[in-house]
A.B. asks: 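I have a structure I would like to understand better, so I am pasting it below and will then ask my questions one at a time.
All values below were derived from every heavy atom in this structure, side-chain atoms included, with hydrogens, water molecules and symmetry-related copies excluded. Since we're looking at a predicted model, the values are computed, not measured.
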Amino acid sequence: MVLGGINHGDNASVNTHYSGTMGVVMEGCMKYIPSMAYSLCDHNEDADFEPLRPYVKQITEWVLREGLAPGVCLNVNFPKLESQPSVLSPQPYKGVKVCRMSRGTWGSEVSRCHHPRGYDYWWMVGHYRNDEPEATDTDRWALDNGYVAVTPTEIDVTAYEAMEELRDLEKI
């Protein structure tokens, strides 16, 4: 089994494509090893990862018991907690949602910076825009509404639906 994370910051939506955590999991998946990435949507250095423990344990145990289809791995994202669990409210999340990747785009993606050693470098920054905010079956919706988002992810990124439309290219 390959486990990536738990990292600071989410890997939901198009962030999956930029994620080192998901890169590790994809490598395992390409070798037919059950693989899961775990991420917390909290960039704070002192973020509390403890409330994630039971979910990580249960999801990992489920995959060990049930397995995953070849070429499929899991991208698991936890929303940032607004308050810590307590005796009165021990469940930090509303539940788990299995969902699809939401469509989104990044704007103002990079910022030019100058390193103290005298060279310029580019820092990834920007602002994420959810391109389908009304969709309730996406990872972004789940996270925005207090759910743990579990997105099954495939290695094969072929756009099968577009293949027939492109068949005329075979005549060139």
Side-chain angles (χ1 to χ4, degrees), residues 2-30 35-52 55-56 59 68-69 71-85 91-115 119-166:
V2 173
L3 300 177
I6 303 170
N7 70 289
H8 290 273
D10 77 80
N11 289 322
S13 185
V14 295
N15 296 338
T16 300
H17 299 293
Y18 309 114
S19 166
T21 306
M22 279 302 293
V24 166
V25 167
M26 296 292 235
E27 283 294 323
C29 189
M30 286 188 281
S35 303
M36 294 154 290
Y38 292 100
S39 303
L40 173 61
C41 301
D42 190 339
H43 291 279
N44 292 326
E45 192 174 303
D46 60 347
D48 183 9
F49 289 82
E50 187 59 33
L52 285 58
Y55 295 91
V56 171
I59 293 167
L68 293 170
V72 173
C73 54
L74 298 184
N75 181 13
V76 182
N77 287 277
F78 295 85
K80 180 178 180 180
L81 291 175
E82 298 306 319
S83 62
Q84 294 303 313
Q91 294 298 323
Y93 303 109
K94 290 182 180 176
V96 174
K97 291 282 185 194
V98 175
C99 42
R100 68 177 175 85
M101 175 193 290
S102 61
R103 292 179 187 93
T105 52
W106 280 91
S108 305
E109 296 178 27
V110 294
S111 177
R112 184 177 181 173
C113 302
H114 189 74
H115 195 276
Y119 58 87
D120 290 337
Y121 65 96
W122 299 93
W123 189 256
M124 296 298 290
V125 293
H127 175 74
Y128 173 79
R129 184 184 78 217
N130 185 350
D131 291 340
E132 47 182 355
E134 304 304 317
T136 60
D137 63 339
T138 68
D139 52 7
R140 190 73 263 152
W141 182 92
L143 294 168
D144 290 345
N145 287 277
Y147 291 92
V148 176
V150 177
T151 306
T153 305
E154 290 185 300
I155 296 297
D156 184 351
V157 294
T158 304
Y160 289 99
E161 297 81 22
M163 289 180 68
E164 200 54 45
E165 296 172 19
L166 297 170

A.B. asks: Only counting residues at least two apart or in another chain, list the ones meeting salt bridge (Lys or Arg N to Asp or Glu O under 4.0 Å) with Glu165.
C.D. replies: none
A.B. asks: Run through Asn15, Thr151, Thr16 and flag the one making a side-chain hydrogen bond (donor to acceptor under 3.5 Å, both in side chains) with Asn75.
C.D. replies: Thr16
A.B. asks: What is the distance from atom SG of Cys73 to atom CE of Met26, rounded to the nearest 0.5 Å?
C.D. replies: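 Cys73 SG to Met26 CE: 5.0 Å, rounded to 0.5 Å.
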A.B. asks: Side-chain contact, heavy-atom cut-off 4.5 Å: Val76 with Val148?
C.D. replies: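 When only atoms from C-beta onward are counted, Val148 and Val76 do touch, with a gap below 4.5 Å.
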A.B. asks: For Thr138, what residues pass the side chain to side chain donor-acceptor pair (under 3.5 Å) criterion, not counting sequence neighbours?
C.D. replies: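 None.
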A.B. asks: Against Asp137, only a single residue in Arg100, Lys97, Arg103 fulfils salt bridge (Lys or Arg N to Asp or Glu O under 4.0 Å); can you say which?
C.D. replies: Arg100
A.B. asks: What heavy-atom pair brings Leu40 and Ala47 nearest, and what distance separates the two atoms?
C.D. replies: CD2-CB, 4.1 Å
A.B. asks: Please report the shortest heavy-atom distance between Cys99 and Ala149, naming the atom on each side.
C.D. replies: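 That closest heavy-atom pairing would be SG-CB, 3.8 Å.
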A.B. asks: Does Tyr147 have any ring pair (Phe, Tyr, Trp, His ring centres under 6.0 Å) partners at least two apart in sequence or in another chain, and if so, which?
C.D. replies: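 For Tyr147, the residues satisfying ring pair (Phe, Tyr, Trp, His ring centres under 6.0 Å) (neighbours in sequence not counted) are Trp141.
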A.B. asks: Under the side chain to side chain contact (heavy atoms under 4.5 Å, CB included) test, which residues partner Val24, sequence neighbours left out?
C.D. replies: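 Counting only residues at least two positions away or on another chain, Val24 forms a side chain to side chain contact (heavy atoms under 4.5 Å, CB included) with Val2.
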A.B. asks: Keeping the roles fixed (side chain from His115, backbone from Asp120), state whether a donor-acceptor pair exists under 3.5 Å.
C.D. replies: no
A.B. asks: What's the spacing between Phe78 CZ and Leu52 CG if we round to 0.5 Å?
C.D. replies: 4.0 Å
A.B. asks: Look up atom NZ in Lys80 and atom CG in Asp48, then write down how far apart they are to the nearest 0.5 Å.
C.D. replies: 12.0 Å
A.B. asks: Residues two or more places apart in sequence or in another chain: which of them pass side chain to side chain contact (heavy atoms under 4.5 Å, CB included) with Glu164?
C.D. replies: Arg167
A.B. asks: Heavy atoms only: give me the nearest Leu143-Cys41 pair and the separation to one decimal.
C.D. replies: CD1-SG, 3.9 Å
A.B. asks: Looking only at side-chain N and O atoms, does Ser39 offer a donor or acceptor that is under 3.5 Å from a partner on Asn11?
C.D. replies: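 Yes.
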A.B. asks: Residues in salt bridge (Lys or Arg N to Asp or Glu O under 4.0 Å) with Asp10, at least two apart?
C.D. replies: Arg140
A.B. asks: Which heavy atom of Val25 sits nearest a heavy atom of Gly4, and at what distance?
C.D. replies: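 That closest heavy-atom pairing would be CG2-N, 3.9 Å.
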A.B. asks: Hydrogens and angles aside, do Asp139 and Ser102 bring a side-chain donor and acceptor to less than 3.5 Å of each other?
C.D. replies: yes
A.B. asks: So which heavy atom on Thr21 is nearest to which on Gly5, and how close?
C.D. replies: CG2-N, 3.6 Å
A.B. asks: Can you measure from CH2 (Trp122) to SG (Cys113) and round to the nearest 0.5 angstrom?
C.D. replies: 9.0 Å
A.B. asks: In sequence, state the C-alpha distance, the side-chain angles, and the governing distance for Tyr93 and Leu81, and then conclude on side chain to side chain contact (heavy atoms under 4.5 Å, CB included).
C.D. replies: CA-CA 8 Å; Tyr93 303 109; Leu81 291 175; 3.4 Å; yes
A.B. asks: Test side chain to side chain contact (heavy atoms under 4.5 Å, CB included) on Asn130 and Glu132 and set out the steps.
C.D. replies: CA-CA 6 Å; Asn130 185 350; Glu132 47 182 355; 3.8 Å; yes
A.B. asks: Once rounded to the nearest 0.5 Å, what's the spacing between atom OH of Tyr38 and atom CG of Asn7?
C.D. replies: 13.0 Å
A.B. asks: Determine, step by step, whether Val56 and Met36 satisfy the side chain to side chain contact (heavy atoms under 4.5 Å, CB included) criterion, reporting the C-alpha distance in whole Å, the side-chain angles of both residues, the deciding distance to 0.1 Å, and the verdict.
C.D. replies: CA-CA 10 Å; Val56 171; Met36 294 154 290; over 6 Å; no
A.B. asks: About how many Å separate NE2 of His114 and OH of Tyr121, when rounded to the nearest 0.5 Å?
C.D. replies: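 That separation rounds to 9.5 Å.
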